[in-house]
Amino acid sequence: MARVVVDPITRIEGHLRIEAVVENGVITDAYSSGTMVRGIEKIVKGRDPRDIWAFTERVCGVCTTVHALASVRAVEDALKISVPKNAELIRNLMFCAQYVQDHVVHFYHLHALDWVDVVSALSADPKKTSELAQSISNWAKSSPGYFSDLQKRLKDFVASGQLGIFANGYWGHPAYKLPHEVNLIGVAHYLEALEWQKEMVKVHTIFGGKNPHPNYLVGGVPCSLNTQEVNAINTERLNHVGMLIANARAMVEQVYIPDLLAVASFYKDWAAYGGGLKNYLCYGDLPTRGYNEPEYFKFPRGAILDRNLNEVHPVNGHDKQEIKEYIAHSYYRYNAGDNTPLHPFDGETELNYTGPKPPYDFLNVDGKYSWLKTPRWNDHAMEVGPLARVLVAYAKGSTEVKDLVDFVLKKLDVPVTALFSTLGRTAARGVETLLVVGWMKEFYDELLKQVKGHEVSTFNREKWDPSTWPAEAEGVGMTEAPRGALAHWIRIKNGVADNYQLVVPSTWNASPRDAKGQRSAYEESLIGTKVAKIDQPLEILRTIHSFDPCLACAVHLYDPAGKHIQQISFQ
């Protein structure tokens, strides 16, 4: 038996430690630990509720806009504030822009290198690479000369002994299966996506003033619509948004999806690994008839239990019996006792570190071992994220989702059960990116129609004055971050935040066991995975990265020592 430690496992935000027990080359147990503490809830207490979005948005440098959206919705829910249609459309456009940019970045920069062997690309034939690229897509950058030049740049990297952004990979690992030419295509598009993604977020800059951390506003959006005004969202800026959407659609349809299908076709055996939990939760989003009417969301709301696609359970963020957070294995204390779960309206953030002093070899998994709390829906461990969203929409009969999912399954020649896997989770992200980039155009066209009809309101002033607020109020803002179900809960008392709690996607997926010993999504997904080389646990990376782990919003402040540990150890 060996205990494998990967710390940190993320390629982006966050400090996630995975410990896996490997017996005879197979993972038999796993533990997920967030290694930093978050304190946003304590920071915003006592503040004006209308300002809190600016604090919560900075919980992360990636999922910035959705935290602001959840925050303003929580306040709007508490104070019963509705927003104009234009504001909802602009929020939808900002939401979609983040999804498209985030999912493309995830595939190429956070997950693809688990499947693409960068060093293998040095052996590719540029002419064959060009022929292959042109056979799967009409993307312009696919000539033999283009791939030849790229390969020379890559060879210079390797010859210098400095792989730069491609350093620290398990290149040459026996689990890599792609032909040299597919690897070269993957590296080329990795670099192209780096350039493209910084353009896509200009949608946030246009509507929100900047990126990251675009501006938001309780009651609407902080921008005005006026086609003739230089300081407003005018004709020039609206046209620029249209161009960005068109470019995004080309990137998704001609680069991302063809690459995803090409890579997946060589790894269909991964439809048997990484399924983990059988329960899925989605809050839904992208309203088409107002935020308070989830039956008209593009992403429908609901929960699936035991992979039963014939029944979708309703979800209610106000019901204190549905969502509760446990801390049996988390570095917190509750006044009512550590085995008493709390609904976020009544949530507490009292730090209580009882773990080993860094540096340490292994977690104390029998006690508390993570800075993440453990949320449960009706006491069920739930997976959240793209797979959950696609499954809930599929089960609720969304024609456009079902048609696209069936197309991908047929293209890969795998059954619908393949969705419940590492491969399925990765494919689901691509499916919803195709959907979202199309929906983005719909919202854009609708906004143009509003402007042409001289409907330009973007803010509702009603109830903006705190003197009109009730003495006490509670609200929840629910949305879907790219990584899954996200909600903020607020209790307002005498005009300020009396309590504020966030339950974020990585809290659902990456949390430790609950009081009953039930594993959460990350931990459960690793069980049964084969590991070829225990000192190069590439297989662990593949499954955990398929969730797109981002720990910053789940854990946020360094401990006083401020020390990171990066290690892979085994015994």
Residue pair Leu447, Leu225: steps toward the side chain to side chain contact (heavy atoms under 4.5 Å, CB included) verdict: CA-CA 10 Å; Leu447 181 62; Leu225 294 166; 4.0 Å; yes

Geometric class of the Tyr216/Trp53 ring pair [parallel <30°, tilted 30-60°, perpendicular >60°]: tilted

Side-chain donor-acceptor pair present, Gln450, Asn86, cut-off under 3.5 Å: yes

Non-neighbouring partners of Lys452 that pass salt bridge (charged side-chain N to carboxylate O under 4.0 Å, His left out), sequence neighbours left out: none

Set of side-chain hydrogen bond (donor to acceptor under 3.5 Å, both in side chains) partners for Trp115, sequence neighbours left out: His111

The criterion is side chain to side chain contact (heavy atoms under 4.5 Å, CB included); which residues satisfy it with Glu400, sequence neighbours excluded? Lys298, Ser398, Leu435, Trp439

Mind telling me whether His488 and His67 have parallel, tilted or perpendicular rings, with 30° and 60° as the class edges? tilted

Between Arg389 and Asp285, does at least one N-O distance fall below 4.0 Å, as a salt bridge requires? no

Flag if over 12 foreign heavy atoms under 6.0 Å of NZ, Lys463: yes

In terms of side-chain heavy atoms, does Glu57 have a donor or acceptor partner in Thr65 at a distance below 3.5 Å? no

Salt bridge check: are Arg425 and Glu383 linked by an N-O gap of less than 4.0 Å? yes

Side chains of Tyr522 and Ser511: do they bring a donor and an acceptor to under 3.5 Å? no

Can you see whether Asn226 engages Ser224 through a side-chain donor-acceptor pair at a distance of less than 3.5 angstrom? no

Decide salt bridge (charged side-chain N to carboxylate O under 4.0 Å, His left out) for Arg376 and Glu325; before the verdict, give the C-alpha distance in whole Å, the side-chain angles of both, and the deciding distance to 0.1 Å. CA-CA 6 Å; Arg376 293 291 182 257; Glu325 289 190 291; over 6 Å; no

Using a strict 4.0 Å threshold on nitrogen-to-oxygen distance, state whether Asp406 and Lys402 make a salt bridge. yes

Using the salt bridge (charged side-chain N to carboxylate O under 4.0 Å, His left out) rule, take Arg47 and Glu41 through it: C-alpha gap first, then chi angles, then the decisive distance, then the call. CA-CA 11 Å; Arg47 295 185 183 274; Glu41 297 93 341; over 6 Å; no

Step through the shown structure and confirm whether more than 12 heavy atoms of other residues, nucleotides or ligands are within 6.0 Å of CD on Glu236. no

Side-chain heavy atoms of Trp508 within contact of Val384, under 4.5 Å: yes

Just wondering, are more than 12 heavy atoms of other shown residues or ligands nearer than 6.0 Å to NZ in Lys449? no

About how many Å separate CG of Leu372 and OG1 of Thr507, when rounded to the nearest 0.5 Å? 5.0 Å

I'd like to know if the side chain of Ser520 reaches the main chain of Ala510, judged simply by a donor and an acceptor atom lying under 3.5 Å from each other, with no hydrogens or angles considered. no

Could you check whether Arg249 pairs with Glu253 (Lys NZ or Arg NE/NH1/NH2 to Asp/Glu carboxylate O, under 4.0 Å)? yes

Residues His103 and Glu432: side-chain donor-acceptor under 3.5 angstrom: yes

Might you confirm whether atom NZ of Lys411 has over 12 heavy atoms from other residues, nucleotides or ligands at distances under 6.0 Å? no

Sidechain N-carboxylate O distance under 4.0 Å for Asp77, Arg73: no

Take atom CG of Asp413 as the centre, draw a 6.0 Å sphere, and report whether it contains more than 12 heavy atoms from other residues, nucleotides or ligands. no

Atom pair OG1/NE2 of Thr235 and His240 - distance to nearest 0.5 Å: 14.5 Å

Point-to-point distance, once rounded to the nearest 0.5 Å, from CG of Asp498 to CD of Glu472: 7.5 Å

Does a side-chain N-to-carboxylate-O contact under 4.0 Å join Arg491 and Asp346? yes

Evaluate the criterion salt bridge (charged side-chain N to carboxylate O under 4.0 Å, His left out) for residue pair Glu195 and Lys198; output intermediate values, then yes/no. CA-CA 6 Å; Glu195 290 297 314; Lys198 65 184 177 65; 3.6 Å; yes

Please determine whether side chain to side chain contact (heavy atoms under 4.5 Å, CB included) holds for the pair Val436 and Phe299, giving the CA-CA distance in whole Å, both sets of side-chain angles, and the decisive distance to 0.1 Å. CA-CA 10 Å; Val436 168; Phe299 285 127; 3.7 Å; yes

Taking the six-membered ring for Trp, are His213 and His204 ring centroids under 6.0 Å apart? no

Does Arg301 pair with Glu295 as a salt bridge, N-O distance under 4.0 Å? no

Does the His109 side chain pair with the main chain of Tyr190, one donor and one acceptor, at a distance under 3.5 Å? yes

Parallel, tilted or perpendicular for Trp489 and Phe345, by the 30°/60° rule? perpendicular

Which residues pass the side chain to side chain contact (heavy atoms under 4.5 Å, CB included) test with Leu448, not counting sequence neighbours? Leu238, Tyr444

Counterpart residues, side chain to side chain contact (heavy atoms under 4.5 Å, CB included), relative to Tyr146 (two or more places apart): Lys141, Ser143, Ala188, Glu192

Nearest 0.5 angstrom please: Asn239 CG to Leu244 CG, how far? 11.0 Å

What is the distance from atom OG1 of Thr433 to atom CD1 of Ile257, rounded to the nearest 0.5 Å? 6.0 Å

Return yes if some donor-acceptor pair links the side-chain N/O of His380 with the main-chain N/O of Met382 below 3.5 Å, else return no. no

Point-to-point distance, once rounded to the nearest 0.5 Å, from CD1 of Ile323 to CG of Asn316: 8.5 Å

Salt bridge (charged side-chain N to carboxylate O under 4.0 Å, His left out) filter on Glu199, not counting sequence neighbours, yields Lys202

Judged by atom type as modelled, is there a donor-acceptor pair below 3.5 Å linking the side chain of Arg429 to the main-chain atoms of Ser546? yes

Under 3.5 Å, side chain of Asn215 to main-chain N/O of Gly208, donor-acceptor pair present? yes

